[in-house]
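Single-structure report; data block below.
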There are 2 protein chains.
Amino acid sequence: MEPKRRQTDARLEIFKQACREYGLKITPQRVAIFQEFHGSAEHPSAVMIYDKVRQDYPHISLDTVSRTLTTLNKIGLAKEVEFSGEARRFDPNLDRHHHFRCIKCGHIVDFNNEIYDSIVIPEELKMKYTVLEKKVCLEGICDRCRAGD
Amino acid sequence: MEPKRRQTDARLEIFKQACREYGLKITPQRVAIFQEFHGSAEHPSAVMIYDKVRQDYPHISLDTVSRTLTTLNKIGLAKEVEFSGEARRFDPNLDRHHHFRCIKCGHIVDFNNEIYDSIVIPEELKMKYTVLEKKVCLEGICDRCRAGD
DNA sequence: ATGTTTGCAAATAGTTTGCATCCAG
DNA sequence: CTGGATGCAAACTATTTGCAAACAT
């Protein structure tokens with residue numbers, strides 16, 4: 001019995017199937033990147049994946065990793081971490097509020113919501129971490145970008 | 001009656017008071033940056049502020065803006081937008097989940113919570129925006145960083 | 001007077017683009 | 001075979017650091 005490998009293979013099969021659907025070629029680099037990415041418990045950046053994959057594929061380039069992660073994001077097998085990859089931005093609003101971010105134009109809208117304000121931090125998290133900030137993050141398409149389509 | 005200016009001045013006074021408390025000098029550049037920043041409805045990056053302040057202070061440098069925003073963040077008059085300023089990162093976990101991020105080491109932890117899963121998007125937001133993703137974002141200090149102090 | 005802050009320049013880091021070569025289908 | 005993918009180099013963007021000069025206190 002090899003449950004771990006079996007599961008990995010199942011995921012890999014999903015990836016390969018997705019490639020076929022989207023007309024993407026199944027290259028050794030893509031397979032290696034996907035395996036490394038999918039097995040990661042962190043939320044890796046291109047460089048993190050690059051450093052690991054390079055151990056097996058010394059000739060792989062960082063752009064290939066970068067492009068592949070972008071591709072995985074496009075075909076729905078990866079989700080870009082909210083706000084990462086953008087320039088540092090600062091919020092002058094110090095009151096409790098929440099964020100909606102447009103994935104097209106990057107615009108961030110503050111909004112208030114009493115129900116969101118009152119959500120409680122789970123006990124098991126409180127034990128392990130010091131939580132300094134809580135906020136609901138919504139993402140989608142803003143009115144202006146929706147109109148511009 | 002000048003309600004708008006009066007309010008601006010009140011905020012400026014808070015800033016000046018904070019500078020005195022923290023032993024920071026009140027320079028024309030800092031005042032200009034603070035005014036521009038505080039009046040901004042966006043969530044500006046250093047470059048955005050730079051471009052505006054430069055209209056009045058052509059000699060100001062981008063680093064000064066960058067450093068001042070970092071300073072404002074430190075003394076609690078600005079809040080860095082979660083995850084911004086970091087390299088693009090990707091999440092292999094496609095299931096619904098939420099994020100805790102350590103502000104010291106940048107580590108992102110996934111966690112599940114049924115109550116968080118069931119939060120509802122307010123009607124007025126649904127009307128205006130197409131919401132594709134919702135997630136609770138917590139920030140603080142993780143167990144490892146807390147132990148390392 | 002003096003110690004912080006500023007502005008410039010250089011260094012660093014991450015991402016993107018163009019292009020010739022390579023290879024999966 | 002052929003079009004998409006790769007790897008390299010260069011361009012770009014954002015940020016950080018060192019340092020001499022400037023200036024707030």
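Throughout, protein chains are lettered first and strands after them, A, B, ... in sequence-line order, and every chain is numbered starting at 1. As the structure is a computational prediction, the values presented were derived from the model and not from experiment.
Atoms NZ and CE, on A:Lys52 and A:Met48 in that order, are 9.5 Å from each other to the nearest 0.5 Å.
Atom CZ of B:Arg54 is separated from atom P of C:dC8 by 11 Å (rounded to the nearest Å). Residue B:Ile33 contributes atom CD1, which lies 12 Å from atom P of C:dT5 at whole-angstrom precision. Computed from coordinates, the A:Gln29 CD to D:dC8 C1' distance equals 14 Å when rounded to whole Å. If you take NZ of A:Lys25 and P of D:dG7, they are 15 Å apart, rounded to a whole angstrom. Rounding to whole angstrom units, CZ of residue B:Arg30 and C1' of C:dT5 are separated by 6 Å. Whole-Å rounding puts the B:Ile49 CD1 to D:dT15 P distance at 13 Å. Summarising the geometry, the separation between CG on B:Asp51 and P on D:dT13 is reported as 12 Å, rounded to the nearest angstrom. Rounded to an integer number of Å, the gap from A:Tyr57 OH to C:dC22 C1' is 16 Å.
Out of C:dG25, C:dT5, C:dT15, the shortest distance to the side chain of B:Leu24 is found at C:dT5. Side-chain proximity of A:Ile26 to the nucleotides D:dT16, C:dG25, C:dG7 is greatest for C:dG25. Residue B:Ser61 has its side chain nearest to C:dC8 when only C:dT16, D:dT15, C:dC8 are considered. Of the candidates D:dG7, D:dT16, C:dT15, D:dG7 carries the atom nearest the A:Ile60 side chain, counting heavy atoms from C-beta on. For A:Thr68, taking side-chain heavy atoms from C-beta onward, the closest of the listed nucleotides D:dA24, D:dT6, D:dT16 is D:dT6.
Between B:Pro28 and B:Ser45, the residue anchored closer to the 5' end of DNA chain D is B:Ser45, taking for each the nucleotide with the nearest heavy atom. Position along DNA chain C of the nearest nucleotide to B:Ala87 versus B:Thr64 favours B:Thr64 as the more 5'-ward residue.
The base of D:dG7 sits with one of its N or O atoms less than 3.5 Å from a complementary donor or acceptor on the side chain of A:Arg67. Judged by distance alone, with hydrogens and angles left aside, B:Asp63 brings no side-chain donor or acceptor close enough to the base of D:dA14 to form a pair under 3.5 Å.
Remark: A:Thr27 is in phosphate contact with D:dT6, judged by side-chain N or O atoms under 4.0 Å from OP1 or OP2. The side chain of B:Arg88 places an N or O atom within less than 4.0 Å of a non-bridging phosphate oxygen (OP1 or OP2) of C:dT16.
Residue-environment remark: CD (B:Glu114) stays at or below the threshold of 12 foreign heavy atoms within 6.0 Å. Heavy atoms from other residues, nucleotides or ligands lying under 6.0 Å from CG of B:Leu94 number more than 12.
Geometrically, A:Arg101 engages A:Phe83 in a cation-pi contact, judged by NZ or CZ lying under 6.0 Å from the ring centre and within 45° of the ring axis.
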Test side-chain contact (heavy atoms from CB on, under 4.5 Å) on B:His43 and A:Asp110 and set out the steps.
-> CA-CA 9 Å; B:His43 298 68; A:Asp110 289 354; 2.5 Å; yes
